[in-house]
> 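The following block contains the structure, expressed as structure tokens.
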Protein chains: 2
Amino acid sequence: MFNRIARFIPVLQWGRTYDRTAFSNDMIAALIVTIMLIPQSLAYAMLAGLPPEAGIYASIVPIILYAIFGTSRSLAVGPVAVVSLLTVSALAEVAEQGTAGYGVAALTLAFLSGAFLALTGILRLGFLANFLSHPVIAGFITASGILIAASQLKHILGIGAHGHTLPELLSSLASHLSDINGPTLVIGVAATAFLFWVRKGLKPLLKRLGAGATLADVATKAGPVFAVVATTLAVWVLNLDDLGVRIVGEVPQGLPPFTLPSLSMDLIRALWLPAVLISVIGFVESVSVAQTLAARKRQRIDPNQELIGLGAANLGAAFSGGFPVTGGFSRSVVNFDAGAETPAAGAFTALGLMLAAVALTPLVYYLPNATLAATIIVAVLGLVDLTILRKTWAYSRSDFMAVATTIALTLAFGVEIGVASGVVLSVALHLYKTSRPHVAEVGLVPGTQHFRNIHRHAVETVPEIVTLRVDQSLFFVNARFLEDLLQDRIRPGTDVKHVILMFSAVNEVDYSALESLEAINLRLKDMGIGLHLSEVKGPVMDRLKTSHLADALNGRIFLSQYDAWRALSRGGPSTDAA
Amino acid sequence: MFNRIARFIPVLQWGRTYDRTAFSNDMIAALIVTIMLIPQSLAYAMLAGLPPEAGIYASIVPIILYAIFGTSRSLAVGPVAVVSLLTVSALAEVAEQGTAGYGVAALTLAFLSGAFLALTGILRLGFLANFLSHPVIAGFITASGILIAASQLKHILGIGAHGHTLPELLSSLASHLSDINGPTLVIGVAATAFLFWVRKGLKPLLKRLGAGATLADVATKAGPVFAVVATTLAVWVLNLDDLGVRIVGEVPQGLPPFTLPSLSMDLIRALWLPAVLISVIGFVESVSVAQTLAARKRQRIDPNQELIGLGAANLGAAFSGGFPVTGGFSRSVVNFDAGAETPAAGAFTALGLMLAAVALTPLVYYLPNATLAATIIVAVLGLVDLTILRKTWAYSRSDFMAVATTIALTLAFGVEIGVASGVVLSVALHLYKTSRPHVAEVGLVPGTQHFRNIHRHAVETVPEIVTLRVDQSLFFVNARFLEDLLQDRIRPGTDVKHVILMFSAVNEVDYSALESLEAINLRLKDMGIGLHLSEVKGPVMDRLKTSHLADALNGRIFLSQYDAWRALSRGGPSTDAA
């Protein structure tokens with residue numbers, strides 16, 4: 001009984017063996033992650049179009065709930081860049097940024113996403129995420145990174161601009177170029193340049209100067225905090241806010257409030273599809289981070305339980321003033337590298353953020369938006385990986401098409417159309433490939449019992465026997481293909497006495513294909529030619545036995561292709577004896 | 001040059017060898033088909049909600065154009081039941097029956113459908129029709145037959161009723177039951193009973209009476225004509241139209257008019273999706289009839305050229321007062337059985353119908369609608385085949401689900417939702433099945449070089465070697481599956497030294513799966529276990545050679561599984577030597 005409950009509440013498993021070593025490791029990791037999360041939470045709230053405190057709130061309750069229900073020991077849950085982009089793009093359809101309705105819609109979006117994730121997990125439908133192929137995900141993340149960076153340029157330039165596609169964003173920026181605010185631009189460019197340097201140049205420099213690897217790492221992670229402190233001081237001392245530099249301003253002090261999402265039917269109708277998209281993208285991103293980190297420690301995660309954990313986190317966000325969250329890549333890696341041993345590290349991070357929410361929010365009053373935009377830009381450009389285009393091009397044109405289409409359509413028409421087109425295209429390309437299966441005519445490799453393609457290998461053949469190895473499951477998309485192919489290969493007046501279909505690669509024969517095989521059988525029978533099957537797999541054979549074809553087959557079914565070849569080429573038992 | 005043109009205009013091929021025998025055979029077939037088509041054309045026009053002459057017009061120009069561009073030598077093109085149902089259901093959204101706008105919308109629908117068909121044929125995209133699986137088509141045709149029969153009951157009862165789904169039709173009929181017209185009911189029931197008897201009882205009776213097979217056949221086909229003549233006379237002699245029996249009334253005498261479809265953007269936006277659906281359904285129905293008839297004479301048809309032929313026929317219908325047409329099953333079979341040798345039979349049928357349009361239309365003035373409804377009902381109930389439910393249930397649950405869903409949703413929500421759900425469900429079920437592929441652990445069948453499932457056959461195994469035969473192409477939907485499976489099967493501390501993946505059934509490895517294989521390779525390498533591949537097919541090998549995996553593989557790639565087994569179980573070459 002306990003085990004059955006523990007399966008759904010993993011904290012009951014790892015909690016029983018929790019000891020002092022694990023506690024101190026978790027505490028250290030939590031401290032590092034908390035420091036990193038404060039500016040990140042503010043920044044992603046800004047990206048999502050929400051007030052800064054929403055970012056902090058979204059990092060507290062969700063982390064605790066994930067610690068209870070999630071299976072990954074290293075995943076850090078909270079606002080992330082891509083999900084924040086999806087959020088702002090979904091909310092733009094239903095409310096104006098800055099209004100109360102906008103914040104409530106964000107809660108509703110988190111609620112719908114949480115409910116969908118939890119339900120999918122409870123129904124064990126996690127495999128559905130497999131419909132997103134790696135190229136589609138890679139293309140989508142890359143395009144999202146570019147879109148996010150472009151959307152933050154307005155903060156760097158100190159101008160107003162809006163849009164959810166690259167053309168909209170760029171033309172909007174271009175039309176406001178005359179409004180550029182000088183001091184904002186200086187802060188923005190300086191912060192961006194500094195953060196890039198921290199990322200690329202600081203670590204090697206520190207190592208050259210003899211610093212330990214850990215120190216270099218910590219210094220690198222602290223870069224954004226340093227930029228925040230420096231630019232905040234600059235604005236405060238120089239009164240730059242009077243010169244038009246936009247600042248974070250007043251952030252309410254206190255613990256996350258209890259909030260209620262609106263469940264009006266209009267809002268649900270408008271937001272359910274974006275919520276599904278956010279859930280799927282967030283889940284895929286989160287689970288791939290969690291799996292990578294778990295594999296390094298020979299641990300496993302349970303994707304369906306992950307859905308429940310992320311669902312609980314999002315439901316938590318909906319009732320505590322947050323917005324949609326998921327497991328973030330960079331924060332999870334930091335958590336892992338800092339030595340987090342259990343999900344308790346997440347809970348301690350939540351404690352740290354609560355302290356920040358209660359005590360530290362006045363300190364960010366003068367923090368310029370341009371600095372937050374700089375941290376976002378530098379973070380998301382790490383997501384942009386255009387090498388996937390080259391890699392897929394080299395390996396397979398259809399994977400390349402999927403990734404190129406996803407990138408192009410996401411940039412041109414926004415995130416929703418982009419990812420939907422990528423999925424549809426992946427499925428369509430796969431079906432197209434299976435609709436014209438590879439069929440090899442095979443012969444015996446001399447001295448073996450092995451049969452290979454007559455066009456690729458020097459093999460023995462006999463004129464009375466044609467053996468076709470069908471390199472694809474037979475189902476509705478390609479059911480007629482084999483029929484047409486045999487009609488071309490076996491013409492009236494041929495010497496062929498036996499056709500053997502070698503089914504070693506046929507993993508399924510659906511009803512449409514069964515009807516096609518029956519038609520082939522009849523046609524060959526009319527011509528006095530036997531139709532035989534060889535190497536039929538167990539599951540396929542089980543199914544064929546229930547069909548009319550098994551009785552009506554004008555030939556035999558052989559265990560191996562070699563048996564078939566021996567029996568038929570020696571003038572073995574006639575086809576009618578079968 | 002001539003051949004290249006002739007490829008697109010088949011008449012140039014068969015026309016050159018046309019002789020007197022073919023001519024006389026074609027003339028006889030044309031005469032029989034013409035007699036059968038006159039009531040059928042009127043009836044399908046009524047089903048489509050159009051005036052009776054539209055049915056005749058739709059059988060003239062389209063037939064001639066198909067004779068020029070089509071490849072089937074037996075197909076008879078014109079209005080058919082299922083396409084007429086799709087037409088009335090599409091037009092109900094844009095215009096009121098009986099208005100001029102309704103007729104123009106029918107022309108536009110034919111135009112859009114013709115353009116789509118022709119374009120698809122020119123682009124050689126005929127394979128797209130394969131996405132409709134046999135169960136979906138069978139379910140759709142069956143449900144359509146039921147819907148059509150239900151929609152004609154109002155004519156038998158002499159009441160008004162409307163609706164495009166079974167619940168709508170039945171409740172509408174029920175609410176008008178008090179308006180039943182007695183004389184109409186008598187005519188309708190008598191005609192229906194007579195036509196059923198002709199279909200089921202007449203032929204055996206005539207044969208028992210010693211009539212020849214041909215005579216019995218002709219008498220059976222002439223049944224509808226006899227019903228038309230008898231009921232028309234009855235109405236005329238007894239003045240039944242004064243008692244409320246609805247009759248065909250005045251039909252304009254003359255050749256098909258030249259008409260122009262409306263190309264207003266609003267109409268195109270409303271009708272393009274139904275036009276695509278009509279095209280696809282019409283094409284699938286037509287091509288399957290054509291293929292069946294061609295196979296009987298060892299002829300072939302070219303599906304892409306068929307698309308062009310049907311496209312031309314529909315464009316012709318759009319400019320000559322018709323509505324969407326396709327190759328009909330019953331008329332094509334009649335044409336074939338009557339001995340039609342070439343598409344010229346179709347052209348002669350068109351001549352016969354022209355004569356009818358010019359001279360015979362006054363004769364149908366007193367023809368009751370109830371008789372036409374009876375001919376439709378008897379014809380479409382031949383389409384209803386509920387045994388497909390039993391057959392698919394016995395063979396495969398997923399095929400059964402596809403057919404049952406298509407039938408249920410078509411009846412409950414109409415033709416468009418029904419067929420769309422069927423297609424989506426077929427694709428989803430197929431992908432679901434491939435997402436959890438069958439993977440068999442195999443061993444050597446003693447005394448052979450053949451490897452089979454250790455759980456199904458008595459085979460030899462060696463503890464250091466695990467051979468997994470992957471019974472599915474590896475692509476994004478199942479990419480992670482193998483990774484998870486190996487993580488379960490090969491745990492730390494195992495005795496296993498070599499894992500062989502037997503790729504005899506792997507027909508594709510896409511980029512997502514390649515990344516998974518790389519992850520498997522790294523993980524096994526960390527554990528000091530070799531990863532080997534055997535029986536990799538040519539096309540898959542070609543692709544793998546371009547990847548990083550081929551170099552990084554911690555093991556070897558063997559031509560056959562037996563080679564791999566011999567080399568590794570003898571302590572053959574070590575994995576690093578590969």
Side-chain angles (χ1 to χ4, degrees), chain A residues 127 130-136 295 298 300 391-392 394-396 398-399 426-427 430-438 440 445 448-450 452-453 456 471-473 475-480 487 492 504-508 510-512 514-515 519 523 537-539 543 546-547 559-560 562-563, chain B residues 127 130-136 295 298 300 391-392 394-396 398-399 426-427 430-438 440 445 448-450 452-453 456 471-473 475-481 487 492 504-508 510-512 514-515 519 523 537-539 543 546-547 559-560 562:
Chain A
F127 73 91
N130 294 335
F131 282 67
L132 282 175
S133 70
H134 294 206
V136 168
R298 297 274 154 83
R300 289 202 64 175
K391 287 185 201 154
T392 49
Y395 184 68
S396 141
S398 68
D399 282 308
S426 298
V427 170
H430 171 69
L431 291 177
Y432 175 70
K433 278 185 274 183
T434 56
S435 78
R436 301 187 61 79
H438 182 249
V445 178
T448 72
Q449 301 180 5
H450 190 64
R452 291 308 276 251
N453 195 331
R456 286 181 181 255
D471 284 357
Q472 191 64 254
S473 289
F475 67 111
F476 62 96
V477 166
N478 60 27
R480 288 206 60 88
Q487 207 162 352
S504 48
V506 174
N507 306 306
E508 192 204 343
D510 81 350
Y511 192 79
S512 305
L514 179 73
E515 292 191 340
R523 186 170 164 277
K537 283 172 208 304
R543 173 115 343 136
T546 70
S547 76
L559 182 70
S560 77
Y562 188 67
D563 290 349
Chain B
F127 72 90
N130 294 336
F131 282 65
L132 282 175
S133 70
H134 293 206
V136 169
R298 299 272 155 84
R300 290 203 63 176
K391 287 185 202 155
T392 50
Y395 183 71
S396 140
S398 68
D399 282 309
S426 298
V427 170
H430 170 69
L431 290 178
Y432 175 70
K433 280 185 274 182
T434 56
S435 78
R436 299 186 63 81
H438 182 249
V445 178
T448 72
Q449 301 180 5
H450 191 63
R452 291 307 277 250
N453 195 332
R456 285 180 182 255
D471 285 357
Q472 191 63 253
S473 288
F475 67 110
F476 62 95
V477 165
N478 60 27
R480 287 204 61 89
F481 182 81
Q487 207 162 354
S504 48
V506 174
N507 306 306
E508 192 203 343
D510 81 349
Y511 191 79
S512 304
L514 179 73
E515 292 191 339
R523 188 170 163 277
K537 284 173 206 306
R543 172 110 349 133
T546 70
S547 76
L559 184 70
S560 78
Y562 187 67

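Below, chain A is the first sequence line, B the second, and so on; all start at residue 1. As a basis for the values below, the full set of heavy atoms in this structure was taken, side chains included, without hydrogen atoms, waters or symmetry mates.
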> What residues, two or more places apart in sequence or in another chain, satisfy salt bridge (Lys or Arg N to Asp or Glu O under 4.0 Å) together with A/E508?
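Only B/K433 meet the salt bridge (Lys or Arg N to Asp or Glu O under 4.0 Å) criterion with A/E508.
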> Answer with side chain, backbone, both or neither: which region of B/D510 has an atom nearer than 4.5 Å to a non-hydrogen atom of chain A?
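Both parts, backbone and side chain.
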> Against chain B, work out which of A/P539, A/S547, A/A519, A/A394 has the most heavy-atom pairs shorter than 4.5 Å and name it.
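Ranked by contacts with chain B, first place is A/P539.
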> As an exercise, state the distance from OH of A/Y562 to NE2 of B/H450, rounded to the nearest 0.5 Å.
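The distance works out to 13.0 Å.
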> So which of A/S426, A/A479, A/A440 has the largest heavy-atom pair count under 4.5 angstrom toward chain B?
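Highest number of heavy-atom pairs under 4.5 Å: A/S426.
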> Examine whether an atom of A/F475 lies under 4.5 Å from a heavy atom of chain B, and if so say whether it belongs to the side chain, the backbone or both; otherwise answer neither.
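For A/F475, the contact with chain B is made by the side chain alone.
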> A/H430 vs B/H430 aromatic rings, parallel, tilted or perpendicular, using cut-offs 30° and 60°?
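A/H430 and B/H430: parallel rings.
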> Between A/S398, A/S133, A/P135, A/S396, which is the residue that forms a side chain to side chain contact (heavy atoms under 4.5 Å, CB included) with B/Y511?
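Of the listed residues A/S398, A/S133, A/P135, A/S396, the side chain to side chain contact (heavy atoms under 4.5 Å, CB included) partner of B/Y511 is A/P135.
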> Pick one of side chain, backbone, both or neither for A/Q472, based on which atoms fall under 4.5 Å of a heavy atom in chain B.
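The answer is both parts of A/Q472.
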> At a heavy-atom distance under 4.5 Å, which candidate from A/D399, A/T546, A/V506 has the highest pair count against chain B?
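Going by pairs under 4.5 Å, I would pick A/D399.
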> Rounded to the nearest 0.5 Å, what's the gap from OH on B/Y395 to CG on A/L514? Could you check?
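Taking OH in B/Y395 and CG in A/L514, the distance rounds to 4.5 Å.
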> Give the member of A/H438, A/K537, A/Q487 that has the highest number of heavy-atom pairs under 4.5 Å with chain B.
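Option with the greatest count: A/K537.
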> Relative to chain B, which segment of A/R543 carries a heavy atom at a distance below 4.5 Å: side chain, backbone, both, or neither?
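For A/R543, backbone and side chain are both near chain B.
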> Sort out for me which of A/R523, A/E515, A/R452 touches chain B most, counting heavy-atom pairs under 4.5 Å.
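Going by pairs under 4.5 Å, I would pick A/R452.
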> Go through the structure and list residues passing side-chain contact (heavy atoms from CB on, under 4.5 Å) with A/S504, not counting sequence neighbours.
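Residues passing side-chain contact (heavy atoms from CB on, under 4.5 Å) with A/S504: A/R469, A/M502, A/E535.
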> Sort A/V427 into side chain, backbone, both or neither according to what part of it lies under 4.5 angstrom from a heavy atom of chain B.
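Interface part for A/V427: both.
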> Which region of B/S560, side chain (C-beta onward) or backbone (N, CA, C, O), has a non-hydrogen atom less than 4.5 Å from a non-hydrogen atom of chain A, or is it both or neither?
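Both parts, backbone and side chain.
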> Heavy-atom pairs under 4.5 Å with chain A: which of B/T448, B/N453, B/V445 has the most?
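Winner by heavy-atom pair count: B/T448.
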> Taking B/N507's backbone N and O only, do any of them form a donor-acceptor pair with A/D471's side chain (distance below 3.5 Å, no angle check)?
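No; zero donor-acceptor contacts below 3.5 Å.
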> Among A/V477, A/L132, A/N478, A/D563, single out the residue with the greatest number of heavy-atom pairs under 4.5 Å to chain B.
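If we count pairs closer than 4.5 Å to chain B, A/V477 comes out on top.
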